[in-house]
Asker: 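Before we start, here is the structure in question, set down as structure tokens.
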Number of protein chains: 2
Amino acid sequence: MPRKYYLEDRALDDAISRFEAALARAGGLRQPEAETVPLAEARERVTAAPVWAVRSSPHYHAAAMDGIAVRAADTVGATEAAPRRLALVHQAVWIDTGDPMPPDADAVVMAEHVQPIDEATVEIGAAVAPWQHVRPMGEDIVATELVIPEGHHLRPVDLGAIAAAGHATVQVRRRPRVAIIPTGTELVTIEAAAAQEARGEPVRAGEIVEFNSLILAGMVEEWGGQAMRLPPVPDRRELLRAAVEAALDLADIIVVNAGSSAGSEDYTAAVLGELGEVAVHGAAIRPGHPVILGVVAGKPALGLPGYPVSAALTAELFLRPLVYRLQGKEPPRRPELKAVISRKLLSPIGEDEFVRVTLGQVDGRLIATPLTRGAGVVMSLVRADGIARIPRFSEGLHAGAEVAVELVRDQAAIERTLVAIGSHDLALDLLGSHLRRLAPDTRLSSANVGSLGGLLALQRRDAHIAGTHLLDEETGEYNRPFVRRVLPNEDIVLVHLAYREQGFIVPPGNPLGLADLSDLMRPGVRLANRQRGSGTRVLLDYHLRRARLDPLAIVGYDREEFTHMAVAAAVLSGAASVGMGILAAARALGLDFVPLFSERYDLAIPRRHWESDLLAPLRRALADPAYKAAVEALGGYDARQMGEEL
Amino acid sequence: MPRKYYLEDRALDDAISRFEAALARAGGLRQPEAETVPLAEARERVTAAPVWAVRSSPHYHAAAMDGIAVRAADTVGATEAAPRRLALVHQAVWIDTGDPMPPDADAVVMAEHVQPIDEATVEIGAAVAPWQHVRPMGEDIVATELVIPEGHHLRPVDLGAIAAAGHATVQVRRRPRVAIIPTGTELVTIEAAAAQEARGEPVRAGEIVEFNSLILAGMVEEWGGQAMRLPPVPDRRELLRAAVEAALDLADIIVVNAGSSAGSEDYTAAVLGELGEVAVHGAAIRPGHPVILGVVAGKPALGLPGYPVSAALTAELFLRPLVYRLQGKEPPRRPELKAVISRKLLSPIGEDEFVRVTLGQVDGRLIATPLTRGAGVVMSLVRADGIARIPRFSEGLHAGAEVAVELVRDQAAIERTLVAIGSHDLALDLLGSHLRRLAPDTRLSSANVGSLGGLLALQRRDAHIAGTHLLDEETGEYNRPFVRRVLPNEDIVLVHLAYREQGFIVPPGNPLGLADLSDLMRPGVRLANRQRGSGTRVLLDYHLRRARLDPLAIVGYDREEFTHMAVAAAVLSGAASVGMGILAAARALGLDFVPLFSERYDLAIPRRHWESDLLAPLRRALADPAYKAAVEALGGYDARQMGEEL
């Protein structure tokens with residue numbers, strides 16, 4: 001039951017140099033052997049030897065124009081005023097582009113300058129110099145010439161040049177093979193899980209669907225390697241050892257995924273150490289601390305952590321350079337941009353931290369908004385536009401600080417991103433898909449920080465759009481008073497999106513029979529609340545106050561969720577017996593809904609953005625009946641006034 | 001025999017809008033239908049529908065740490081000073097990361113803070129908050145949530161997220177199919193040519209090995225399409241028509257390669273016009289003027305010119321956007337940089353010209369050196385680092401002008417490029433391959449403009465290195481006097497590469513029995529000379545003068561070639577009966593050599609470059625016995641003093 005927990009805390013550069021030293025002791029990386037492939041299959045492969053031309057191109061003197069082949073000497077003095085006649089066959093031969101030149105001809109007169117006189121004679125109105133309009137043999141490639149060096153990454157034009165130089169095949173390096181061994185007794189393959197669910201049997205609690213190997217294999221292929229996904233191995237030391245030994249026969253690099261920590265069922269380090277050398281076990285990086293860098297039978301053998309974000313980021317850091325170097329290449333640098341971080345980011349001082357961020361261009365500044373840092377949240381990798389590195393010995397960044405971001409998405413896509421920061425809403429999620437249909441290159445990036453957070457983001461010029469549903473308790477008016485207060489000097493357009501119902505999200509059948517706010521006080525009732533500053537929270541607090549109910553008497557009042565869906569998920573899981581939220585979130589998870597209030601949800605948009613080209617697709621979407629209908633189909637929405645400016 | 005030549009001269013934007021209008025009249029581009037593929041095969045495909053989660057991730061409340069699962073309420077008040085005891089089974093359950101939480105537990109105490117007391121009891125030194133160290137159900141993905149939108153290009157992490165959301169397959173758009181039909185009676189396939197040559201029968205003059213379709217197919221695949229290379233079709237109208245009709249059943253886009261001009265055997269426009277509409281025949285672009293943009297049976301049908309550079313560039317301009325749009329994507333913009341053009345570039349005023357350039361970073365400036373503009377020179381595409389566009393209505397650029405260059409190579413590679421401008425030498429070619437072996441990321445880019453041209457390039461700061469073999473006729477000294485004259489204020493290191501023999505390159509057996517310079521005057525002798533400013537030319541002129549021979553009496557004295565290999569190729573082809581050059585060039589083409597003089601070949605390198613990190617691999621190469629041996633193996637070289645600074 002009790003365990004020992006020993007993990008090193010190697011700084012990143014120290015970890016890398018220990019790993020490199022271990023590889024060097026084992027004789028260094030061994031380049032995969034060469035293989036010969038047909039040119040049509042050689043794209044993106046790397047040459048294993050220089051390619052020398054065995055044929056010239058062109059391999060004969062060729063006419064470069066349609067016209068007549070002549071001896072240049074016979075044309076001397078010809079002008080339009082004093083044309084010259086040439087005898088066909090003897091002095092002039094009709095010729096097409098690409099035809100071989102007759103043996104004694106050395107130039108071509110373009111057809112435009114040739115006047116046929118009779119069957120046997122033509123007249124030319126211009127002289128030509130020797131070799132004019134002729135492609136001499138070897139103009140492009142001379143036989144024996146170097147066409148492509150060794151170690152060259154083959155592009156389509158290279159294949160053409162190799163063919164022009166007389167080859168039908170090319171010697172390339174075998175792609176480096178990476179064996180990926182998932183380990184964990186709880187693992188179920190994607191296919192097995194899908195088959196099980198198709199039979200109506202849901203995946204059980206504690207079973208984990210193994211998808212890391214899919215991500216890792218895709219990354220390896222993207223880097224030019226060949227990935228071999230092996231079946232999951234249960235947490236048994238002798239089975240893992242057998243799997244690693246078998247993989248050593250197949251692959252140039254071994255990756256064991258999970259079991260890399262120091263728990264009672266973590267055998268990866270033990271197995272790699274038994275078969276070879278573990279150079280590093282534990283790096284001072286986040287995510288990815290429990291990483292193993294080893295060498296087994298002269299081959300790199302890595303143990304990557306089990307959480308998907310940790311697995312992907314440690315693969316980037318430690319596996320990517322190996323896959324490139326085994327192809328004789330340096331890994332390409334990713335483009336890096338300076339961005340302004342939109343909110344405070346604390347970072348542990350002892351670690352290099354890699355934070356996924358979304359990016360958007362607002363008022364000429366590139367804004368980076370950190371995504372959730374949970375190592376299990378694969379969606380943070382999906383949503384990321386870039387990775388910001390917070391170096392060791394830094395405590396983090398204050399809001400507005402400049403940070404270097406490595407791009408993982410095309411810069412052009414980032415420039416066409418609409419940045420929405422504010423209250424979460426399902427109609428806004430739908431808008432993202434709808435915008436894409438109207439303008440395929442437009443993206444909507446949403447950060448959910450609540451209504452007030454959104455207005456503050458506009459104040460800091462961190463966003464184009466803030467979704468807001470803030471009730472002014474004094475006037476009963478929505479949004480406008482807050483906009484005036486937070487953004488007094490800005491010309492803000494408030495565009496109506498929809499009215500929506502707020503109420504209780506409850507388990508199917510509403511087992512506790514909750515009907516109004518006072519029911520939140522009942523024993524056994526546990527609330528999933530929204531975070532401070534969110535419109536839903538303001539609404540709840542407003543009505544609690546009006547009903548003179550004490551929030552602190554509500555169990556779960558301090559459990560804050562950041563989205564409607566998170567509230568619904570808490571109810572579905574039983575973690576809460578009721579949540580405040582919208583009908584659509586309840587319906588999405590098959591829960592019941594008790595409507596309590598109706599509220600207006602608007603988009604606050606600075607006029608300069610609202611009228612910009614970037615937001616043109618948004619203006620079209622809000623006027624599109626198809627989008628309006630889709631929002632109303634969510635349930636609990638009244639979208640009749642969608643698009644009205646207030 | 002006489003023909004009509006009609007080609008339009010549509011400005012690029014006009015050509016594009018006519019083509020677009022024709023496509024719109026035909027109902028617009030038709031998106032390929034959807035297909036369902038396993039996730040492991042879906043990388044780089046584009047989603048045909050939004051992907052919604054059917055399973056939450058995690059799909060149960062999971063421990064996020066190894067430790068004990070507890071009710072947070074039972075831990076209130078526990079500190080190191082005042083630890084708290086919990087009864088195992090009833091109040092505390094040992095749990096591993098990823099395990100499902102017991103039904104009534106809501107937090108995990110990390111193992112580090114747990115002290116086992118006996119079989120039934122543990123002591124904890126810290127309190128935990130509700131949900132601490134727990135991954136709640138749906139933390140990553142909530143069932144019903146949108147995971148990936150429609151029209152999304154799938155990356156490895158996306159595949160992981162789709163699997164996490166409960167899918168084993170994904171709906172993607174079928175890749176757009178592009179049929180490529182090579183046409184030309186003279187075409188021979190790569191495979192047929194190689195087989196023929198393997199039998200000892202060389203490809204005949206007038207036969208053209210068809211490799212454009214290999215380049216075009218590779219480009220289509222690179223853009224995400226599926227290329228179908230069809231067999232070459234002879235120049236017969238009814239055969240081409242049948243091939244296009246057959247391709248229409250298979251593909252979304254038809255590409256006919258060649259026959260796109262207006263010659264007597266150019267049927268592409270006629271066939272496309274017969275089956276559909278030709279919107280454009282002839283665009284004011286260079287290269288690529290004879291391009292055809294048409295629509296047949298509602299599908300784009302292009303006729304691309306036959307010269308490989310024209311085919312590749314027109315494919316970039318007109319085919320690439322179609323292949324992307326059929327995937328619902330915009331073609332990614334290539335990175336563009338400002339560069340300084342290293343020599344004067346005249347451009348026809350009526351055309352948009354696309355000039356291939358090599359790039360290198362010298363003294364902080366990015367230098368663009370134009371490559372040959374021949375449309376048949378596929379090596380100019382292989383060597384290009386970027387494409388400079390000289391717009392219509394521009395007459396060209398003067399040396400030193402700024403020009404925008406679209407990169408076709410990684411920017412990092414360009415920054416690690418050693419720019420050599422000067423005299424051509426085979427030992428220098430070898431150096432390129434050798435550098436790569438020493439430092440895989442280092443490239444050598446050579447422009448051959450002769451020795452004097454190289455020193456002038458150093459003067460303009462356009463190069464790191466100039467290869468030079470200039471004989472001072474007064475002192476008999478090599479290189480140093482010229483360096484002093486051309487670069488009086490620069491600290492130039494002259495590094496010796498090798499001594500080499502210069503002489504006559506003659507056909508095998510030296511049929512004319514040429515033995516010394518006076519033989520060049522003999523009737524029937526035709527010279528292939530080198531260009532003015534080249535060391536070989538200076539040497540020839542020096543010795544002609546000493547022997548009091550009149551250069552103008554030599555037939556072919558005015559036929560200038562720019563490299564030793566081009567001189568050798570002229571002799572091999574019979575275009576010249578003798579050339580001035582080096583032994584290695586003669587030997588490379590199986591020609592004979594008559595040695596006349598020995599000369600020294602040095603590298604002139606400004607000291608700030610010679611001592612830079614960038615040139616470190618060069619310093620190592622010049623000290624490497626393996627490189628020295630390889631140079632001597634070329635023949636005609638004496639490399640004993642290689643690497644000596646003079």
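Below, chains carry the letters A, B, ... as their sequence lines are ordered, and counting in each starts from 1.
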Asker: Using a cut-off of under 4.5 Å for heavy-atom pairs, which of Ala205(B), Ala194(B), Ala163(B) has the most such pairs with chain A?
Answerer: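 Between Ala205(B), Ala194(B), Ala163(B), the count favours Ala205(B).
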
Asker: Got a second to check how far Glu222(A)'s CD is from Arg155(B)'s CZ, nearest 0.5 Å?
Answerer: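 One finds 9.0 Å between CD of Glu222(A) and CZ of Arg155(B).
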
Asker: Can you tell me how far the OH atom of Tyr307(B) sits from the OG1 atom of Thr97(A), to the nearest 0.5 Å?
Answerer: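 With rounding to 0.5 Å, OH (Tyr307(B)) is 5.5 Å from OG1 (Thr97(A)).
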
Asker: Taking only residues two or more places apart in sequence, or in another chain, which ones meet His167(B) in a ring pair (Phe, Tyr, Trp, His ring centres under 6.0 Å)?
Answerer: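 With neighbours one apart ignored, the set is empty.
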
Asker: Quick check: closest heavy atoms across Ala569(A) and Val142(B), and the distance to 0.1 Å?
Answerer: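 In terms of heavy atoms, the two residues are closest at CB-CG2, 4.2 Å.
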
Asker: Name the member of Glu44(A), Met219(A), Glu186(A) that forms the most heavy-atom pairs with chain B at distances under 4.5 Å.
Answerer: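 Looking at each option in turn, the highest pair count goes to Met219(A).
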
Asker: Mark yes or no for whether Asp140(B), through its side chain, and Met379(A), through its backbone, hold a donor-acceptor pair below 3.5 Å.
Answerer: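 Answer holds: yes.
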
Asker: With respect to chain A, which residue among Ala161(B), Gly138(B), Ser56(B), Pro58(B) yields the maximal number of heavy-atom pairs within a distance under 4.5 Å?
Answerer: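 Ranked by heavy-atom pairs under 4.5 Å with chain A, first place is Ala161(B).
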
Asker: So for Leu572(B), is it side chain, backbone, both, or neither that comes closer than 4.5 Å to the heavy atoms of chain A?
Answerer: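 Answer is side chain: those atoms of Leu572(B) sit under 4.5 Å from chain A.
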
Asker: Do you know which of Ala195(B), Ala164(B), Gly328(B), Ala570(B) has the most heavy-atom pairs with chain A at a distance under 4.5 angstrom?
Answerer: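 Most heavy-atom pairs under 4.5 Å with chain A: Ala164(B).
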
Asker: Highest number of heavy-atom pairs under 4.5 Å with chain B: which of Gly432(A), Gly206(A), Pro136(A)?
Answerer: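 Among Gly432(A), Gly206(A), Pro136(A), the one with the most close pairs to chain B is Gly206(A).
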
Asker: Tell me every residue that passes side-chain hydrogen bond (donor to acceptor under 3.5 Å, both in side chains) with Arg55(A), counting only those two or more places apart in sequence or in another chain.
Answerer: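 With sequence neighbours excluded, Arg55(A) shows a side-chain hydrogen bond (donor to acceptor under 3.5 Å, both in side chains) to Glu197(B), given in chain and number order.
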
Asker: Ala575(A) and His61(B): which non-hydrogen atoms are nearest, and at how many Å?
Answerer: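 Closest pair (atom of Ala575(A), atom of His61(B), distance): CB-NE2, 4.0 Å.
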
Asker: Any side-chain heavy atom of Glu415(B) within less than 4.5 Å of one from Arg333(A)?
Answerer: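 Counting from C-beta outward, Glu415(B) and Arg333(A) do come under 4.5 Å.
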
Asker: With rounding to the nearest 0.5 Å, note down the distance linking CG in Asp96(A) to CD in Glu265(B).
Answerer: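 Here the rounded value is 5.5 Å.
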
Asker: Quick one: CD1 on Ile190(A) to OG1 on Thr169(B), what's the gap to the nearest 0.5 Å?
Answerer: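 Output value for this atom pair is 10.5 Å.
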
Asker: Calculate, to the nearest 0.5 Å, the distance between atoms NE2 and CD belonging to His59(A) and Glu207(B) respectively.
Answerer: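 With rounding to 0.5 Å, NE2 (His59(A)) is 6.5 Å from CD (Glu207(B)).
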
Asker: May I ask you to decide if Pro149(B)'s main-chain N or O and Arg436(A)'s side chain share a donor-acceptor pair within less than 3.5 Å?
Answerer: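 Not a single qualifying donor-acceptor pair exists.
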
Asker: Could you have a look at Ala168(A), Gly151(A), Ala40(A), Gly376(A) and say which one has the most heavy-atom pairs with chain B under 4.5 angstrom?
Answerer: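 Counting heavy-atom pairs under 4.5 Å, the top option is Gly376(A).
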
Asker: What option among His152(A), Glu191(A), Lys329(A), Met101(A) has the most heavy-atom pairs under 4.5 Å with chain B?
Answerer: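 Highest number of heavy-atom pairs under 4.5 Å: His152(A).
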
Asker: Is Arg409(B) in contact with chain A via its backbone, its side chain, both, or neither, using a 4.5 Å heavy-atom distance?
Answerer: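 It is the side chain, since no backbone atom gets that close.
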
Asker: Does the side chain of Thr372(A) come within less than 4.5 Å of Glu139(B)'s, by heavy atoms?
Answerer: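 Not in contact.
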
Asker: Can you tell which part of Ala217(B) gets under 4.5 Å to a heavy atom of chain A, answering side chain, backbone, both or neither?
Answerer: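 Neither part.
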
Asker: Just verifying a value: how many Å separate Leu159(B) CG and Ile215(A) CD1, rounded to the nearest 0.5 Å?
Answerer: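 If we round to the nearest 0.5 Å, Leu159(B):CG and Ile215(A):CD1 are 8.0 Å apart.
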
Asker: Which answer fits Ile148(B), side chain, backbone, both or neither, if we ask what part of it has an atom under 4.5 Å from a heavy atom of chain A?
Answerer: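 Answer is side chain: those atoms of Ile148(B) sit under 4.5 Å from chain A.
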
Asker: Has the side chain of Asp410(A) got a donor or acceptor atom that lies under 3.5 Å from a matching backbone atom of Pro332(B)?
Answerer: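 It does not hold such a pair.
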
Asker: Heavy-atom pairs under 4.5 Å with chain A - which of Val147(B), Val378(B), Leu430(B) has more of them than the others?
Answerer: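 Of the options given, most contacts go to Val378(B).
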
Asker: Check whether Val203(B) gets within reach of chain A through its side chain, its backbone, both or neither, counting any heavy atom under 4.5 Å.
Answerer: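 The answer is both parts of Val203(B).
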
Asker: Measuring heavy-atom distances to chain A, does Ala384(B) have an atom under 4.5 Å in its side chain, in its backbone, in both, or in neither?
Answerer: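 Contact with chain A is through the backbone of Ala384(B) alone.
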
Asker: Are the side chains of Asp158(B) and Val382(A) in contact, using a 4.5 Å heavy-atom criterion?
Answerer: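 They are in side-chain contact.
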
Asker: Only pairs of heavy atoms separated by less than 4.5 Å count here; which of Arg443(B), Glu150(B), Arg229(B) has the most with chain A?
Answerer: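 Option with the top pair count is Glu150(B).
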
